[in-house]
Number of protein chains: 2
Amino acid sequence: MKDVASAAGVALKTVSRVVNGEPGVNPATAERVRAAIDELGYSRNESARVLRQGRTSTIGLVIEDISDPFYAGLGRAVEQVAISHGCLLLSGSSGEDPGRERELVRTFCARRVDGLIVVPAGDDHSYLRSELDAGTPAVFVDRPPGPGIDVDTVLCDNAGGARLAVAHLRSAGHRRIAFLGDNPAIFTAIERLAGYRGALGELFDRDLVSMRAPDPAGTGADLDRMLAMPDPPTALFTGNSRVTVTALRALRGRRLALTGFDDFELADLLTPGVTVVAQDPAGLGRVASELLFRRLAGDRGPAQHLQLPVRLITRGSGEIPPHSGEISPHSGEISPHSGEMPPHSG
Amino acid sequence: MKDVASAAGVALKTVSRVVNGEPGVNPATAERVRAAIDELGYSRNESARVLRQGRTSTIGLVIEDISDPFYAGLGRAVEQVAISHGCLLLSGSSGEDPGRERELVRTFCARRVDGLIVVPAGDDHSYLRSELDAGTPAVFVDRPPGPGIDVDTVLCDNAGGARLAVAHLRSAGHRRIAFLGDNPAIFTAIERLAGYRGALGELFDRDLVSMRAPDPAGTGADLDRMLAMPDPPTALFTGNSRVTVTALRALRGRRLALTGFDDFELADLLTPGVTVVAQDPAGLGRVASELLFRRLAGDRGPAQHLQLPVRLITRGSGEIPPHSGEISPHSGEISPHSGEMPPHSG
DNA sequence: GTGAAAGCGCTAACAT
DNA sequence: ATGTTAGCGCTTTCAC
């Protein structure tokens with residue numbers, strides 16, 4: 001900048017004014033400065049600007065895994081909102097590790113991000129206290145913060161979605177509906193279990209519940225155990241798309257009704273199409289980041305707790321009636337496709 | 001830091017030494033400083049450090065769309081390598097827009113990222129000249145830079161993969177093999193077309209080629225046109241997973257052999273399983289970022305041009321023989337699953 | 001082993 | 001309309 005100033009024969013401040021588009025510069029002078037900038041290939045050092053202004057125009061995003069389509073969709077939405085506010089996105093994957101989550105938050109804060117969007121892995125966020133007090137707003141998304149921390153939160157209607165799924169299977173006549181959940185350390189897994197349990201009422205049977213991180217061997221074993229029961233399940237409710245896919249692979253030809261929580265690409269192309277309760281990952285990301293930017297704009301209101309609706313998408317697998325017997329998976333079932341699915345919508 | 005210094009009764013520089021783990025500090029003094037740091041909840045301002053040191057420990061990643069599983073996998077690999085080198089990742093999606101790509105690069109450079117990893121959208125990268133000269137290394141991945149820019153590049157074996165796919169279909173007896181490509185502005189689309197053409201030799205028929213961005217209406221129309229030909233294709237080679245999925249939806253019951261470029265999750269669960277030439281997005285990301293960190297470590301050698309191998313994964317759709325007629329898609333075909341696919345590996 | 005001073009590149013506040 | 005000065009929070013250099 002100093003070089004530009006002397007090349008253009010003006011003072012440092014004038015260059016600064018031109019670079020920042022501040023008013024009160026003679027057009028001719030401004031033009032001379034711009035010429036010097038082009039010639040020298042100058043570009044403002046944002047680090048210095050940040051140091052001076054205290055704002056980085058950067059927000060930090062902590063998610064579980066950017067390569068998971070759900071979080072990728074969420075991340076993309078956050079990115080777009082950030083861009084529209086002139087901000088960049090610093091992102092990191094926690095991999096469901098609370099320590100890593102904390103480390104990422106700490107690192108982001110040390111770099112003075114203007115705000116944070118967090119899909120928490122752990123349930124103790126007291127470490128955020130000092131950052132929040134220091135004026136770095138945070139928004140939690142998909143899962144709430146641990147006790148004692150009250151910040152803006154955007155969740156899905158997990159329990160409601162689970163009830164919807166169970167009611168759908170019940171309406172097809174099922175009374176033995178298994179739940180394949182996920183690691184019970186995950187908030188959404190517990191919420192969905194609660195919704196499932198509530199919707200089943202006296203039909204609930206704890207032997208039809210599996211709460212573990214999906215993996216081919218374990219999920220398959222749980223499924224085998226349930227199907228070997230005297231009164232086996234005729235329908236499956238799977239707690240998220242990873243579980244759904246693991247279960248579909250484990251099922252291999254055994255024909256059970258299935259409704260999954262979480263939409264996924266190609267659900268409509270499977271045979272039969274997979275009925276799901278769809279969340280809106282992009283909506284989560286968008287709403288969360290809009291909340292964050294409202295805070296950055298100065299909103300000091302009480303913490304908001306938003307819940308986004310879910311919706312049932314019927315494609316065939318959830319409409320299979322009970323006791324249809326163990327027939328081939330490709331026995332001429334016409335799968336009602338629910339139309340094109342926009343890429344990555346769930 | 002000033003506050004910490006006076007709280008601990010030492011000079012600024014001593015605090016700095018403690019924070020950076022520099023040697024030559026009396027353990028007792030260091031302990032006093034650490035206590036003060038904890039008490040005041042101090043954390044170093046990275047922006048100031050950056051300004052002084054000139055290194056941000058941040059790398060910039062420009063990809064097409066973080067919500068695309070292929071790029072998400074690539075991004076995750078880059079993130080992991082970055083983390084292992086103590087760097088953070090600033091990322092942005094170009095959305096296949098050269099202007100946006102350039103804007104992102106410019107912004108990242110203004111923030112003084114230590115290096116760049118770019119999946120280019122455009123084919124003019126002369127704007128990078130000044131940044132490269134200024135010492136910011138860049139690695140191109142998935143697609144090469146435009147003419148005149150010679151930097152480290154990591155590509156897939158696009159032409160070889162296309163030849164592999166075509167040879168596979170030919171070995172099943174097909175002679176009329178259509179190619180559904182993508183927007184010809186995309187490097188990989190052209191490379192794969194070239195491989196397809198080369199592998200077909202005199203069997204090549206330009207009427208069996210569609211080069212357009214996949215979309216249900218357009219791709220469907222192209223497919224209909226080809227299938228209405230007097231000598232219609234009996235097999236399809238699709239140029240990437242988005243095209244593959246679009247084509248599968250457009251096919252709806254019409255039974256053609258199909259081999260796709262690019263693996264995708266659930267390819268094994270479809271009926272029949274979808275045979276693909278699999279790339280390794282995580283490998284691309286990992287190799288590209290390792291190349292970048294080698295540069296950051298001081299490697300001044302000539303630009304490297306790496307090509308990663310692809311491999312054929314047979315699952316059923318590519319093994320359908322020609323002239324099997326127009327029968328129901330669920331007519332008892334046993335789809336040879338190729339085993340579990342690790343989530344998001346393709 | 002510790003400290004004082006200079007300065008990274010920029011912008012805010014105050015001249016002129 | 002333009003210039004001068006101070007200082008953001010840290011690290012570097014050199015002195016003690």
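The sequence lines fix the lettering, A, B, ..., with proteins before strands; numbering per chain opens at 1.
- To the nearest angstrom, P of D/dA6 lies 18 Å from CG of A/L51.
- In summary, B/R112 and B/E46 do not engage in a salt bridge, as defined by a charged side-chain N under 4.0 Å from a carboxylate O.
- Within a 6.0 Å sphere centred on CD of A/E39, other residues, nucleotides and ligands contribute 12 heavy atoms or fewer.
- In the displayed structure, A/D123 atom CG is contacted under 6.0 Å by at most 12 heavy atoms of other residues, nucleotides or ligands.
- Heavy atoms of A/T29 sit under 4.0 angstrom from primed sugar atoms or phosphate atoms, though from no base atom.
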Give the B/S/- string for nucleotides 10-16 of chain D, one per nucleotide from 5' to 3', where a protein heavy atom under 4.0 Å of the base yields B, of only the sugar-phosphate yields S, and otherwise -. BBB----

Apply the test side chain to side chain donor-acceptor pair (under 3.5 Å) to residues A/D150 and A/H305: give CA-CA distance (whole Å), side-chain angles for both, the deciding distance (0.1 Å), then the verdict. CA-CA 9 Å; A/D150 185 33; A/H305 302 102; 2.9 Å; yes

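- The interatomic distance linking B/D3 (CG) with D/dC8 (P) rounds to 11 Å, in whole Å.
- In terms of phosphate contacts, B/T14 brings a side-chain nitrogen or oxygen within less than 4.0 Å of OP1 or OP2 of C/dG3.
- In the displayed structure, A/R143 atom CZ is contacted under 6.0 Å by more than 12 heavy atoms of other residues, nucleotides or ligands.
- Taking the six-membered ring where the residue is Trp, A/F293 and A/H85 present parallel rings, their angle staying beneath 30° rather than reaching 60°.
- A donor-acceptor pair shorter than 3.5 Å can be found between the side chains of B/D114 and B/T56.
- For DNA chain C, no neighbouring residue in residues 33-41 of chain B is found when judged by any heavy atom under 4.0 Å.
- A/S93 and B/E79 are linked by a side-chain donor-acceptor pair at a separation below 3.5 angstrom, with hydrogens and angles left out of the test.
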